[in-house]
Amino acid sequence: MPSRRTVLAATAGVAASLAISGTAHADDKKLRSLISRMTLEEKVGQLFVMRVYGHSATAPDQTDIDANLKEIGVRTAAEMIARYRVGGIIYFTWAHNTRGPHQIADLSNGIQHASLRQPRGLPVLISTDQEHGIVCRVGEPATLFPGAMAIGAGGARKDARTLGRIAGQELRAIGIRQNYSPVADVNVNPANPVIGVRSFGSEADAVAGLVAAEVAGYRGAGVAATAKHFPGHGDTAVDSHYGFPVITHSRELWEKLDAVPFRAAIRAGIDSIMTAHIQFPALDASGDPATLSHSILTGILRGELGYDGVVVTDSLGMEGVRTKYGDDRVPVLALKAGVDQLLNPPSLDVAWNAVLKAVQDGELTEARLDESILRILRLKARLGLFEEPYVSHGGVTRTVGTPAHLAAADGIAERTTTLLVNERRLLPLNRRTHRRLLVVGADPASPSGTTGPPTGVLAAAFTELGFTATALPTGTAPSAATVARAVAAAQDADAVIVGTYNITAAQKTLVEQLVATGSPVVAVAIRNPYDVAQLPTVPAYLAAYSWTDVELRAAARVIAGEAAPRGRLPVPVQRADDPAKVLYPVGYGLSYGR
């Protein structure tokens with residue numbers, strides 16, 4: 001591993017005096033000096049945050065080399081850095097970047113070494129999406145927390161701050177300094193296919209308080225948090241990965257709802273804000289996505305909200321930003337709109353050359369690039385990357401997945417589990433009268449790095465609690481034969497636990513037929529809490545908000561009476577037969593004392 005002396009030499013002696021101590025702009029003169037020595041090609045590269053396949057910066061597996069050659073035209077991360085001088089790299093599980101904490105640390109160190117050894121080499125800002133809950137890239141043995149809506153159900157800003165602090169410490173230990181979290185969207189649409197449980201809830205002020213608390217936790221850990229997706233993605237019925245959503249809120253409603261958490265994030269010192277690939281006609285009538293809107297990013301975010309930190313696009317490979325313009329125009333228009341970091345374009349070569357040509361042709365000025373690069377370098381300096389770009393295996397061992405961190409996650413999860421139905425006080429289940437449990441239900445693909453599948457995790461948790469539990473996965477769309485098999489198995493059980501996942505007609509049939517057997521049925525919504533409205537005959541229903549291990553284990557402890565249900569709904573649940581009426585309001589939740 002290169003020494004600190006090598007790092008300082010690689011940054012032309014400037015880095016030694018770039019320690020940032022609270023004043024974000026204190027060293028602008030030195031940073032501007034760095035920028036003045038960069039070539040135009042190096043400046044263009046600093047604006048990009050790119051994916052790359054492989055567990056190693058220099059020696060990935062052959063399949064990852066092949067994927068890199070096909071998508072990027074290079075073999076390795078080191079080659080990508082040498083060719084394009086990218087300022088950031090994003091880690092994904094599917095890109096095989098995140099096999100384990102020590103491997104991730106080695107990859108991060110390899111990336112930093114590859115960049116710092118270049119002429120005028122700069123440290124790389126490594127990022128990932130570690131929202132917790134259903135979106136995670138770094139899995140076990142790292143500490144995994146409940147997702148945002150679960151935290152919203154707990155309602156404790158202290159827990160949100162603890163999540164940010166511990167998650168930030170673990171990310172920093174493996175070389176990740178920028179996290180694309182928290183989600184600041186206010187989820188007011190139960191049919192939202194892309195945000196949902198990734199949001200803290202439907203109440204703007206509650207979301208704002210939790211966003212600010214989590215940001216404070218990350219900042220204290222030395223990791224850049226990212227509030228997303230500006231100007232607000234919480235009322236869409238279209239997934240911007242696959243389509244182009246339109247938000248129909250008025251400007252007045254935006255001020256009262258969507259803007260509130262972003263204002264709170266800015267007050268809390270948020271380091272970066274991610275854009276949304278959505279149309280928002282009340283804010284910009286051009287029909288452009290917010291990512292490409294000068295009115296939204298420069299006029300509102302920078303001008304009206306006073307934000308001067310880093311603005312990063314959502315992935316430029318998503319359909320929402322590619323619908324109207326070609327992949328060569330999108331990065332140029334994003335920079336003209338006010339973006340600083342261009343995240344994960346479909347073709348780095350196309351995007352990089354498009355920005356370069358835009359400067360050479362005069363459409364973009366080099367001074368405009370310098371503005372964004374200064375913001376990016378300020379952030380790298382504040383995060384200590386100029387002084388300490390490398391991480392150590394000792395730091396990984398001391399920090400990642402420690403017993404104290406895991407216990408904190410378990411405690412937070414217990415405070416989020418929400419009891420919605422408990423007829424005749426069926427819960428908590430008694431080990432003597434309900435010893436034999438059948439665990440059935442949906443088994444969606446396990447969130448990254450968790451054990452899964454959900455039925456197996458729940459069955460194992462109940463077994464550890466003294467029950468005799470059998471898992472019978474039935475899937476998200478059980479066939480008639482599968483339903484019959486589950487109903488037959490229920491005859492030999494003292495109680496049935498069934499997990500629902502964005503409930504379908506087939507899941508509803510399964511649950512109704514299980515209830516008809518006469519066996520006590522306890523349903524657990526393992527994603528959206530709205531499922532409960534579809535099952536009025538179930539005698540007990542809990543919302544876990546995700547199917548990660550930490551939330552499922554907490555739900556099992558609550559069902560078994562080892563923990564009390566303390567969560568309260570952070571979103572309203574409408575009636576299935578009349579969506580205009582509320583079945584369970586925000587703040588609803590039962591306890592075992594009533």
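No experiment lies behind these values; they were computed from the predicted model shown. Side chains included, hydrogens not; waters and symmetry mates left out as well; all remaining heavy atoms used.
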Side chain [X], main chain [Y], donor-acceptor under 3.5 Å:
X	Y	value
T323	E319	yes
W254	F280	no
R83	G73	yes
R75	D66	no
T548	F145	no

Spacing of [atom1] belonging to [X] relative to [atom2] belonging to [Y], to within rounding of 0.5 Å:
X	Y	atom1	atom2	answer
I376	L47	CD1	CG	5.5 Å
T275	L343	OG1	CG	9.0 Å
I176	T128	CD1	OG1	5.0 Å
S295	L301	OG	CG	12.5 Å
D288	Q279	CG	CD	8.5 Å
Y53	K70	OH	NZ	8.5 Å

Salt bridge present between [X] and [Y] (N-O < 4.0 angstrom):
X	Y	answer
R99	D61	yes
R37	E42	no
K228	D314	no
R251	E304	yes
D308	R378	yes
K256	E252	yes
E363	R329	yes

Note to self: Between T236 and N189, does the side chain to side chain contact (heavy atoms under 4.5 Å, CB included) criterion hold? Intermediate values first, please.
What the structure shows: CA-CA 7 Å; T236 59; N189 187 346; 5.8 Å; no
Check: What pairs with Y218 under ring pair (Phe, Tyr, Trp, His ring centres under 6.0 Å), at least two apart in sequence or on another chain?
Finding: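 For Y218 there are no ring pair (Phe, Tyr, Trp, His ring centres under 6.0 Å) partners, ignoring immediate neighbours.
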Next item on the list: Could I get the full list of salt bridge (charged side-chain N to carboxylate O under 4.0 Å, His left out) partners for R267, not counting sequence neighbours?
Entry: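 None.
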Next item on the list: Please assess D129 against R51 for the test salt bridge (Lys or Arg N to Asp or Glu O under 4.0 Å), listing each intermediate value before the final yes or no.
Entry: CA-CA 12 Å; D129 291 290; R51 70 190 179 278; over 6 Å; no
Next item on the list: Could you check F200 against E214 for side chain to side chain contact (heavy atoms under 4.5 Å, CB included), going step by step and ending with a plain yes or no?
Entry: CA-CA 11 Å; F200 287 111; E214 192 169 308; 3.4 Å; yes
Notebook entry, point to check: Using 30° and 60° as the class limits, which term best fits the ring planes of H229 and H233: parallel, tilted or perpendicular?
Noted result: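 Perpendicular, since the angle between the ring planes exceeds 60°.
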